[in-house]
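I have placed the structure first, in the form of structure tokens, so that the comments after it can refer back to it.
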Protein chains: 2
Amino acid sequence: MDKLFRHLRDYHPLTPQAEQALADEFEEITLGKNEFLLQEGKTCRHLYFLEQGAIRGYYNLEEKEITHWFAFENDFVTSFHSFITQEPSVENIQLLEGSVLRKISKEKLTALFNRFHEIERLVRIAYEKYYIRLEERYVNSQFRSASERYENLLEHTPHIIERVPLGQISSYLGISQETLSRIRAKT
Amino acid sequence: MDKLFRHLRDYHPLTPQAEQALADEFEEITLGKNEFLLQEGKTCRHLYFLEQGAIRGYYNLEEKEITHWFAFENDFVTSFHSFITQEPSVENIQLLEGSVLRKISKEKLTALFNRFHEIERLVRIAYEKYYIRLEERYVNSQFRSASERYENLLEHTPHIIERVPLGQISSYLGISQETLSRIRAKT
DNA sequence: GGTTTTTTTTGACAAAGGTCAAAAAGGGAT
DNA sequence: ATCCCTTTTTGACCTTTGTCAAAAAAAACC
């Protein structure tokens with residue numbers, strides 16, 4: 001649980017009462033490689049915190065799996081669209097490695113917002129960070145060439161290369177696997 | 001001011017006290033076509049609400065202007081990265097038409113968060129909506145062909161076509177202007 | 001250690017989209 | 001209407017990336 005709270009403090013420091021209330025609600029779960037946290041068509045009712053392990057989010061488009069994000073230690077994980085709207089998810093969330101997570105349901109989180117302004121503030125601040133991250137990925141994906149995107153990955157998130165098969169990285173970068181392989185051969 | 005509050009209520013209803021506090025801080029401004037709300041290198045200190053008009057955000061990449069978003073009536077406008085981090089902006093925000101806006105400074109907004117939990121909640125909910133929007137744009141931009149992206153624009157945001165020159169639309173879609181022109185010729 | 005199975009690389013070719021240059025079409029002003 | 005200036009379209013060609021198929025390499029299994 002420590003890992004979670006150390007991470008939360010980076011967003012916004014909490015009073016002991018608020019920390020305790022969160023500690024009461026965040027439940028630990030352990031899942032094995034290739035298991036699913038969520039499958040398309042199901043509504044995502046939880047927010048997860050990934051303490052240890054690696055996870056990907058992907059969806060199926062024309063027979064292909066498109067991986068659009070990865071998560072590692074200290075990342076929050078959910079199908080954001082489904083979690084927020086409480087509509088069925090179009091994406092799947094699958095473990096790349098055996099992982100240790102903490103989870104909290106949307107209802108419990110919402111109830112905590114009502115009890116603790118500071119918890120809602122923490123989430124507001126976390127959203128800001130995640131928004132900025134996504135914005136950077138967006139600009140990077142749309143206006144850079146395939147090899148620039150790969151170099152950017154090497155520079156900013158090299159751990160992805162170590163822990164994820166190439167086919168998933170290529171779809172994450174929006175490149176065919178063959179092209180990515182050729183880009184790598186050149187460097 | 002009505003327009004702003006009608007819009008805010010769609011996110012989250014506010015008490016009269018909170019509305020009044022916001023009304024006291026949101027200042028009206030009017031700017032003409034081609035004027036700048038923000039230029040790169042400057043830090044964005046305000047959040048704007050666009051009551052009437054049209055605005056674009058763009059940055060310069062290798063001699064070219066890359067337009068990466070448009071805003072119209074009832075949109076919030078800011079250089080999100082700069083506003084949140086209070087670091088110098090890499091983007092420019094320019095009016096496409098003469099526009100009427102409301103603005104509030106970051107300090108004043110933060111002060112309101114402290115006074116009114118409900119205002120911070122409203123912003124938290126607004127972030128969720130904007131995050132989902134960006135996520136959709138991201139997936140759409142990265143995994144669809146040029147003509148699919150254009151068709152998607154026609155279907156979901158046709159007003160852009162009416163109010164924005166083609167060169168800016170093409171860069172928004174991540175296509176060269178010539179290719180966009182050819183796509184249009186076909187349909 | 002040898003055999004499957006999966007992942008990555010390579011080759012040949014095709015398709016999508018970009019670039020450069022020039023022509024055409026619009027939009028104001030006078 | 002005419003001139004000037006901006007925006008859009010068209011043509012020829014080039015570059016990047018994708019696709020299909022097969023080989024090579026790596027990993028997992030017995």
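Within every chain, numbering begins at 1; the chains are lettered A, B, ... in the order of the sequence lines, protein sequences first and strands thereafter. Just so it is clear, the model here is predicted, and its values are computed rather than measured.
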message = Take a 6.0 Å sphere around NZ of K42(B) and say whether it holds more than 12 heavy atoms from other residues, nucleotides or ligands.
response = no
ask   = Are OP1 or OP2 of dT19(C) and a side-chain N or O of K64(B) less than 4.0 angstrom apart?
value = yes
key: Length of the line joining Q142(A):CD and dG18(C):P, which is rounded to integer Å   = 11 Å
ask   = If you fit an axis to the five pairs at each end of the helix from dG1(C)-dC30(D) to dT30(C)-dA1(D), how big is the angle between those two axes, to 10 degrees?
value = 50°
ask   = For K129(B), does the NZ atom have more than 12 heavy-atom neighbours from other residues, nucleotides or ligands under 6.0 Å away?
value = yes
remark   = Each nucleotide of nucleotides 5-11 of chain C classed B (base within 4.0 Å of a protein heavy atom), S (only sugar-phosphate) or -, in 5' to 3' order, makes ---BBBB
query = What distance do I55(A) atom CD1 and S99(A) atom OG have between them, rounded to the nearest 0.5 Å?
reply = 5.0 Å
task = Specify the separation, in whole Å, of atom CD1 of I183(B) and atom C1' of dT8(D).
result = 14 Å
message = Are F49(B) and F26(B), when compared by the centres of their aromatic rings, separated by less than 6.0 Å?
response = no
task = Would you kindly give the CG-to-C1' distance between L173(B) and dG18(C), to the nearest whole Å?
result = 15 Å
Ring centroid separation F70(B) to Y172(B) under 6.0 Å = yes
query = Stepwise, does the side-chain contact (heavy atoms from CB on, under 4.5 Å) test hold for F76(A) with Y130(A)?
reply = CA-CA 10 Å; F76(A) 285 105; Y130(A) 276 79; 3.6 Å; yes
task = Would you name the heavy atoms of R56(B) and T67(B) that are closest together and state the gap between them?
result = NH1-OG1, 2.9 Å
query = Within this structure, what is the NZ-to-P distance between K186(B) and dG11(D), rounded to whole angstrom?
reply = 13 Å
query = Does Q142(A) have any side-chain contact (heavy atoms from CB on, under 4.5 Å) partners at least two apart in sequence or in another chain, and if so, which?
reply = Y138(A), S141(B)
inquiry  = In this structure, how many angstroms lie between the P atom of dG18(D) and the CZ atom of R144(B), rounded?
reply    = 16 Å
request  = Scan residues 75-101 of chain A for pairs that pass salt bridge (charged side-chain N to carboxylate O under 4.0 Å, His left out), counting only residues two or more places apart or in two chains.
outcome  = D75(A)-R133(A), E97(A)-R163(A)
remark   = So OG of S79(A) and CD of E135(B): to nearest 0.5 Å the spacing works out to 7.0 Å
task = Say whether, by atom type as modelled, one donor and one acceptor occur between the side chain of E35(A) and the main chain of G32(A) under 3.5 angstrom.
result = yes
message = Regarding R182(B) and E178(B), does a basic nitrogen lie under 4.0 Å from an acidic carboxylate oxygen?
response = no
note = Its contact letters, B for base, S for sugar-phosphate only and - for none at protein heavy atoms under 4.0 Å, make nucleotides 24-30 of chain D read -------
request  = Let me know the distance between OH of Y150(B) and C1' of dA16(C), rounded to the nearest Å.
outcome  = 18 Å
Using atom names, set out every protein N or O paired with an N or O of nucleotides 26-30 of chain C below 3.5 Å, distance rounded to 0.1 Å.
none

ask   = Looking at side-chain heavy atoms only, is the closest gap between V123(A) and Y127(B) below 4.5 Å?
value = no
